[in-house]
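Note that the structure is predicted; figures quoted are calculated from it, not measured.
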Amino acid sequence: MRTPSPDQPAGAGAPLVREVFPELVAELTALLEDEGERELALCARDLRLVEECGCGDGFCQSIRTADPPRGQPYGPGHRCVPLSPAAGMLILDVVDGRIVYVEILDRPPLHRRAQRAGREGPPA
């Protein structure tokens, strides 16, 4: 797990989830809107892929979208937001209005968006 510098927010160097898994973000946004979670739906577009779950379970594709507190539970301000996707389970851990973990269980494999050539910047 990376340690952010004091002047950089946690996950700032991580890719946006929408750039890696655009279908997932579209689904999260729609499901959150359906649940009346408009603020979280807006936040879902800016989630960062800080770390993929390394549990090794074949049914798990969960992702961390913020650095966790070290050696302690999320604590006050934490809530779980279970969603109702067509397949499998999507459960969000939210702390103080920020999505910090997306639990993705028993779902078809996520498809990464192919890396585009020349992504570093516009052509010269």
I want to check something: taking the side chain as every heavy atom from C-beta on, are [X] and [Y] in contact at a cut-off of under 4.5 Å?
| X | Y | result |
| --- | --- | --- |
| I104 | C60 | no |
| F21 | R113 | no |
| L24 | L90 | yes |
| S84 | E35 | yes |

Shared ILVMFWY cluster between [X] and [Y], side chains joined below 4.5 angstrom?
| X | Y | answer |
| --- | --- | --- |
| L32 | L16 | no |
| L47 | I63 | yes |
| V20 | Y101 | no |
| L110 | V17 | yes |
| I91 | L28 | no |

For the pair [X] (side chain) and [Y] (backbone), establish whether a donor and an acceptor sit closer than 3.5 Å, ignoring hydrogens and angles.
| X | Y | value |
| --- | --- | --- |
| R79 | V94 | no |
| R64 | V50 | no |
| Q61 | P108 | yes |

Might you point out which heavy atoms bring [X] and [Y] nearest each other, and give the distance in Å?
| X | Y | result |
| --- | --- | --- |
| R48 | A14 | NH1-O, 2.6 Å |
| D93 | C80 | OD1-SG, 3.4 Å |
| R107 | P85 | NH1-CB, 3.3 Å |

Between CG on residue D46 and CD1 on residue I99, distance to nearest 0.5 Å = 10.0 Å

key: Nearest-0.5 Å distance that lies between atom CD in E39 and atom CD in E37   =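 Reported to 0.5 Å precision, the distance equals 9.5 Å.
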
inquiry  = So, using side chain to side chain contact (heavy atoms under 4.5 Å, CB included) as the criterion, who are the partners of V95 when residues are at least two apart?
reply    = Y74, H78, V100

